[in-house]
Amino acid sequence: MMKNGHHVSSAPAAAACSPEKRRRTVRVWCDGCYDMVHYGHSNQLRQAKAMGDYLIVGVHTDEEISKHKGPPVFTQAERYKMVRAIKWVDEIVEGAPYVTTLETLDKYCCDFCVHGDDITLTVDGKDTYEEVKKSGRYRECKRTQGVSTTDLVGRMLLMTKAHHSNMGRSDYQQHTDNFGSGPKGHSPWTGVSQFLQTSQKIIQFASGKEPQPGDTIIYVAGAFDLFHIGHVDFLDAVSQLSEKPYVIVGLHFDQEVNRYKGKNYPIMNIHERTLSVLACRYVSEVVIGAPYAVTKDLLDHFKVDLVCHGKTEVFPDRDGSDPYAVPRKMGILRTVDSGNSLTTDVIVQRIIKNRHVSRLCRRA
């Protein structure tokens, strides 16, 4: 039987816990809004899963979030699907209560709950984890430095002003190296990001699995900026093209994304986008700084069987050529309809609308 992409044994519990000295399964509980899911959320769930064997994630309803924090950007259905797509999650509980209680942990047979080292409060100022903390069934994990939902919202709101105001400066191109690092250690495109990538973090997020005989190697490429449910639906649809898919995602460097997306994109720099994509259960491997044009050399190097693209517009390469000309000529290019029209632009508009609504509510 499959649950969230994991094989779950259907054998009786007694057999699983037979007298042989088998270690008992440690069940871990996490909960939250998981609105605007980013690699910080994924890293929290990765750390939580490492503390046990089976990770259950409770996701709050729109109503609960609106009551305690204000209206979410994503609907509960979108947030449920987004959390399910994170590869360390074994099971989700829809409509989990905002306050974590011993009753909830016992209901789902969880040994303890895990949360980051920040305090979550109810609308009346009470610690939502007070009860489980007092009972000793609370564990803490490290918060991912350099990113938060508030930070990302700030970046998107900044887009309407001077998010990339330094693009016209004479020293701009001088610092646009392949990893998008500006002179002060952050991307000139995502100038407000304070995230520092390390090889250890990539290793923690990467699957480390090589393609196996019989795998269908599928290549997709793009910005995958502000990794969202539209991307998840696309990658899910791509993975369903084969019984044994091995999905490789090519991520374009920041300057390349800005060339074809314009405005102030990307919102997330290449390092952040790498972790966001690696956390998705449908992704096997990521190419950091993939060439915009899908070349014969690239296809041969990764032994690609299929190249897929969504129904979004394909922008020409710098010389005006079709970036998918080679796989198209080879007959291995597929257009995949994810059934989801959500884009990063749409999310930015939702943010602006939510901010406007929040202001009106405060004035009322």
Side-chain angles (χ1 to χ4, degrees), residues 3-8 23-60 64-65 69 74 76 79-121 127-149 152 195 198 200-208 227 232 272 274-283:
K3 179 174 282 189
N4 274 2
H6 294 258
H7 287 282
V8 180
R23 187 167 59 88
R24 185 179 66 84
T25 299
V26 176
R27 292 165 67 88
V28 181
W29 173 271
C30 283
D31 56 27
C33 304
Y34 299 101
D35 194 26
M36 297 281 301
V37 168
H38 51 70
Y39 59 92
H41 292 118
S42 300
N43 194 37
Q44 179 225 358
L45 296 175
R46 179 193 66 79
Q47 292 179 77
K49 178 64 179 282
M51 295 182 192
D53 306 297
Y54 192 84
L55 177 61
I56 302 175
V57 181
V59 184
H60 310 317
E64 279 281 89
I65 296 171
K69 295 183 71 173
F74 290 91
Q76 58 198 42
R79 291 183 292 107
Y80 297 154
K81 187 184 287 188
M82 195 71 194
V83 175
R84 279 194 180 96
I86 296 173
K87 63 185 178 183
W88 296 287
V89 176
D90 295 295
E91 183 181 337
I92 82 154
V93 173
E94 300 180 359
Y98 199 80
V99 176
T100 310
T101 62
L102 294 175
E103 181 183 357
T104 298
L105 296 190
D106 290 341
K107 181 178 179 180
Y108 296 100
C109 303
C110 291
D111 296 83
F112 53 85
C113 78
V114 177
H115 187 65
D117 50 7
D118 56 321
I119 297 176
T120 304
L121 303 175
D127 183 349
T128 59
Y129 295 97
E130 184 178 0
E131 184 177 319
V132 292
K133 283 178 178 178
K134 286 181 177 178
S135 70
R137 292 172 70 181
Y138 177 85
R139 304 285 186 276
E140 207 164 77
C141 63
K142 292 182 180 179
R143 182 182 173 278
T144 305
Q145 295 298 318
V147 67
S148 68
T149 302
L152 291 176
F195 176 69
T198 64
Q200 182 61 31
K201 188 62 65 187
I202 293 177
I203 290 168
Q204 289 171 344
F205 272 60
S207 70
F227 194 74
V232 167
E272 298 174 302
T274 296
L275 295 187
S276 297
V277 174
L278 281 173
C280 180
R281 69 172 66 253
Y282 307 118
V283 174

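The figures that follow rest on heavy atoms only: side chains count, while hydrogens, waters and symmetry mates do not.
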Query raised in the report: Do Y98 and C33 pass the side chain to side chain contact (heavy atoms under 4.5 Å, CB included) test, and can you show the C-alpha distance, the side-chain angles, and the key distance before you say yes or no?
Result: CA-CA 9 Å; Y98 199 80; C33 304; 4.2 Å; yes
Requested in this report: For V37 and F74, run side chain to side chain contact (heavy atoms under 4.5 Å, CB included): C-alpha distance rounded to whole Å, both residues' side-chain angles, the deciding distance at 0.1 Å, then the answer.
Outcome: CA-CA 10 Å; V37 168; F74 290 91; over 6 Å; no
Report task. Would you sort out whether D35 and R79 count as a side chain to side chain contact (heavy atoms under 4.5 Å, CB included), showing the intermediate values? Result -> CA-CA 6 Å; D35 194 26; R79 291 183 292 107; 3.8 Å; yes
Query raised in the report: Step by step, would you call Q76 with E94 a side chain to side chain contact (heavy atoms under 4.5 Å, CB included)?
Result: CA-CA 8 Å; Q76 58 198 42; E94 300 180 359; over 6 Å; no
Query - Derivation and outcome, salt bridge (Lys or Arg N to Asp or Glu O under 4.0 Å), residues E130 and K134 - result: CA-CA 6 Å; E130 184 178 0; K134 286 181 177 178; 3.1 Å; yes
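Contact record, G116 with Y138: O-OH, 3.6 Å, taken as the closest heavy-atom pair. Shortest non-hydrogen contact noted between F112 and V114 is CE1-CG2, 3.7 Å. In terms of heavy-atom proximity, V132 sits nearest to C113 at CG2-SG, 3.7 Å. Residues P97 and E64 approach most closely at C-OE2, 4.2 Å, considering heavy atoms. Counting all heavy atoms, side chain and backbone alike, V83 lies closest to I92 at CG1-CG2, 3.9 Å. For W29 against C110, the heavy-atom pair with the smallest separation is CB-SG, 3.7 Å.
Between R137 and D106 there is a salt bridge, since at least one side-chain N of the basic residue sits less than 4.0 Å from a carboxylate O of the acidic one. Note on K49 versus D90: salt bridge recorded, some NZ/NE/NH1/NH2 to OD/OE distance being below 4.0 Å.
A donor-acceptor contact shorter than 3.5 Å links the side chain of T128 to the backbone of T120. At distances below 3.5 Å, not a single donor-acceptor pair connects side-chain atoms of R139 with backbone N or O atoms of A48. Within the 3.5 Å criterion, the main-chain N or O of V57 finds no donor-acceptor partner in the side chain of Y108.
How far CZ of R143 is from NE2 of H115: 10.5 Å, rounded to the nearest 0.5 Å. One distance of note links OG1 of T104 with CD1 of I56; it measures 11.0 Å at 0.5 Å rounding. Remark: Q47 CD to L45 CG distance equals 9.5 Å, nearest 0.5 Å. Summarising the geometry, atom NZ belonging to K87 is positioned 9.0 Å from atom SG belonging to C280; distances are rounded to the nearest 0.5 Å.
The side-chain contact (heavy atoms from CB on, under 4.5 Å) test applied to S276 returns Y39, F227, M268, not counting sequence neighbours. E131 meets the side-chain contact (heavy atoms from CB on, under 4.5 Å) test with T101, L102; sequence neighbours excluded. With sequence neighbours left out, the side-chain contact (heavy atoms from CB on, under 4.5 Å) criterion links A85 to V232, Y282. Here K201 pairs with N43, R46, Q197, T198, Q204, F205, L275 under the side-chain contact (heavy atoms from CB on, under 4.5 Å) rule; sequence neighbours left out. Every residue two or more places apart in sequence or in another chain that forms a side-chain hydrogen bond (donor to acceptor under 3.5 Å, both in side chains) with T100 is listed here: D31. Looking at residues two or more places apart in sequence or on another chain, you find a ring-ring contact (aromatic ring centres under 6.0 Å, His included) between H41 and Y34, H38.
By the 6.0 Å contact criterion, NZ on K133 is enclosed, its count of non-hydrogen atoms from other residues, nucleotides or ligands being greater than 12.
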